[in-house]
Amino acid sequence: MAISLSVVLLLAIILVVLLRGGSIKAGPAIVAVLFGFFLASTGMADDIQRFLDSMAEMVNSISF
């Protein structure tokens, strides 16, 4: 839960920066948000969550 919340917050910040910087307009941003919202309710949501969990686990296992 904490990882998914962190990813959502990070993506929200990136979206705001892109909107304010003029790299993306409001229309495409709304489409991107709606796409993510509806994608979350499909059968692919579990696969995407497993992929993100495995990426987070991989990053976590890196030792310096």
Side-chain angles (χ1 to χ4, degrees):
M1 177 66 176
I3 292 173
S4 62
L5 184 60
S6 300
V7 171
V8 169
L9 184 62
L10 176 66
L11 292 174
I13 291 170
I14 291 171
L15 184 59
V16 168
V17 168
L18 288 173
L19 280 168
R20 295 201 60 159
S23 297
I24 188 171
K25 300 294 183 203
I30 291 171
V31 170
V33 168
L34 289 174
F35 174 73
F37 178 76
F38 287 113
L39 183 64
S41 65
T42 66
M44 288 184 61
D46 293 332
D47 295 330
I48 294 169
Q49 186 64 47
R50 278 193 292 273
F51 173 73
L52 291 175
D53 288 342
S54 67
M55 289 291 115
E57 192 69 32
M58 183 182 69
V59 169
N60 192 30
S61 68
I62 296 173
S63 60
F64 295 100

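Here the closest heavy-atom approach between residue S61 and residue M58 is recorded as OG-O, 2.8 Å.
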Using distance only, find each side-chain donor-acceptor pair of residues 27-44 under 3.5 Å and give its atom names and separation, not counting sequence neighbours.
| residue | atom | partner | partner atom | Å |
| --- | --- | --- | --- | --- |
| S41 | OG | F38 | O | 2.8 |
| T42 | OG1 | L39 | O | 2.7 |
| T42 | OG1 | M44 | N | 3.3 |

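Applying the side-chain hydrogen bond (donor to acceptor under 3.5 Å, both in side chains) test to D47 and every residue at least two apart in sequence or in another chain returns R50. With sequence neighbours left out, the side-chain contact (heavy atoms from CB on, under 4.5 Å) criterion links R20 to V16.
I13 contributes atom CD1, which lies 4.0 Å from atom CG of L9 (distance to the nearest 0.5 angstrom). Taking CG from L18 and CG from L11, the interatomic distance works out to 10.5 Å, rounded to the nearest 0.5 Å.
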